[in-house]
Amino acid sequence: MSDFEQIKKDIAENDVVLYMKGTYDFPQCGFSGVVVSILKKLNVKFKDINVLENNEIRESIKKFSDWPTIPQLYIKKNFIGGCDIIKEMYEKGELQALLKEQGIINS
């Protein structure tokens, strides 16, 4: 399976996927940590993919999304953005609205 196929499979099989440095329990960069903490605050279950464990995925996800940085958040197969975008959406309530609309959170 190619890296792109693996990425497509992961985002197809999981409602919320976060490509990040580190893991859910141990984010290994501040930006990944910010996104994890926001998702945890909203009680969002997500699949974490540690790009530090797989350099091919790390490079491929940047090409796949045409986005140069990690973390990258996908909701229902759609690329949402990186840390700054997620933080801004959360502060404006847009992230919560999107998650509600997609049936991922209730409140």
Side-chain angles (χ1 to χ4, degrees):
M1 183 181 295
S2 76
D3 293 333
F4 273 27
E5 286 168 349
Q6 183 63 51
I7 290 166
K8 283 180 186 165
K9 182 177 189 289
D10 286 331
I11 63 177
E13 291 176 355
N14 300 277
D15 285 344
V16 183
V17 180
L18 181 63
Y19 288 86
M20 62 179 289
K21 293 178 181 173
T23 63
Y24 178 90
D25 293 316
F26 297 103
Q28 290 181 289
C29 89
F31 301 112
S32 293
V34 167
V35 177
V36 167
S37 69
I38 288 170
L39 294 174
K40 283 182 177 178
K41 274 184 210 157
L42 298 175
N43 290 316
V44 174
K45 290 186 181 133
F46 63 95
K47 179 175 179 66
D48 57 337
I49 296 176
N50 183 358
V51 299
L52 298 177
E53 290 178 348
N54 186 330
N55 207 43
E56 287 79 33
I57 291 286
R58 183 178 182 171
E59 291 311 309
S60 293
I61 192 65
K62 293 175 186 180
K63 291 182 188 122
F64 183 84
S65 61
D66 199 23
W67 192 260
T69 58
I70 305 291
Q72 293 187 14
L73 182 66
Y74 286 80
I75 297 174
K76 297 273 185 161
K77 300 183 196 167
N78 293 307
F79 174 59
I80 306 304
C83 179
D84 292 345
I85 291 170
I86 300 307
K87 194 173 166 204
E88 188 178 314
M89 286 177 71
Y90 173 69
E91 287 166 358
K92 290 180 175 175
E94 293 167 3
L95 183 63
Q96 298 87 320
L98 175 66
L99 289 162
K100 276 183 220 160
E101 184 186 294
Q102 295 296 326
I104 293 164
I105 60 173
N106 298 321
S107 57

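Positions are given from 1, in the same order as the sequence printed here.
- Remark: Phe4 CZ is packed, more than 12 non-hydrogen atoms of other residues, nucleotides or ligands lying under 6.0 Å away.
- A cation-pi contact, defined as under 6.0 Å to the ring centre and within 45° of the axis, is absent between Lys45 and Tyr24.
- The NZ atom of Lys47 lies 13.0 Å from the CG atom of Asp15; values are rounded to the nearest 0.5 Å.
- Scanning both residues, Lys41 and Tyr90, for their nearest heavy atoms gives CD-OH, 3.4 Å.
- Judged purely by atom type and a 3.5 angstrom limit, Ser32 has no side-chain atom pairing as donor or acceptor with the backbone of Pro27.
- Rounding to the nearest 0.5 Å places NZ of Lys100 at 10.5 Å from CG of Leu95.
- Using a 4.5 Å cut-off on side-chain heavy atoms (C-beta onward), Ile11 and Phe64 make contact.
- Under the 4.5 Å side-chain contact rule for hydrophobic residues, Leu98 and Ile85 share a cluster.
- A pairwise comparison of heavy atoms in Leu52 and Gly22 identifies CD1-N, 3.9 Å as the closest pair.
- Remark: Ser37 OG to Lys87 NZ distance equals 9.5 Å, nearest 0.5 Å.
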Pair Lys9-Glu13, salt bridge (Lys or Arg N to Asp or Glu O under 4.0 Å): steps then yes or no = CA-CA 6 Å; Lys9 182 177 189 289; Glu13 291 176 355; 3.2 Å; yes

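- You'll find the side chain of Glu88 stays beyond 4.5 Å of the side chain of Glu94, heavy atoms only.
- Under a hydrophobic clustering in which Ile, Leu, Val, Met, Phe, Trp and Tyr are joined whenever their side-chain heavy atoms come within less than 4.5 Å, directly or via other members, Phe31 and Leu18 fall into different clusters.
- Annotation for Asp25: atom CG counts as buried by contact number, over 12 foreign heavy atoms lying within 6.0 Å.
- One finds the CE atom of Met20 at 11.0 Å from the CZ atom of Phe26 (value rounded to the nearest 0.5 Å).
- A continuous path of Ile, Leu, Val, Met, Phe, Trp and Tyr side chains, each step under 4.5 Å between heavy atoms, connects Val34 with Leu99, placing both in one hydrophobic cluster.
- Using a distance-only test at 3.5 Å, with no hydrogens or angles considered, no donor-acceptor pair links the side chain of Asn14 to the main chain of Val17.
- Between Leu42 atom CG and Ile104 atom CD1 the span is 11.0 Å, to the nearest 0.5 Å.
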Take Asn43 and Ile105 through the test side chain to side chain contact (heavy atoms under 4.5 Å, CB included) and record every step on the way to the result.
-> CA-CA 8 Å; Asn43 290 316; Ile105 60 173; 5.7 Å; no

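- To the nearest 0.5 Å, the span separating CG on Asp3 from CZ on Arg58 amounts to 14.0 Å.
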Using atom types as modelled, flag every donor-acceptor pair under 3.5 Å from a side chain in residues 67-81 to any protein atom, sequence neighbours excluded.
residue, atom, partner, partner atom, Å
Trp67, NE1, Thr69, OG1, 3.2
Gln72, OE1, Ser65, OG, 2.9
Gln72, NE2, Ser65, OG, 3.2
Gln72, NE2, Trp67, O, 3.2
Gln72, NE2, Thr69, O, 3.1
Lys76, NZ, Gln102, O, 3.4
Asn78, ND2, Lys76, O, 3.4

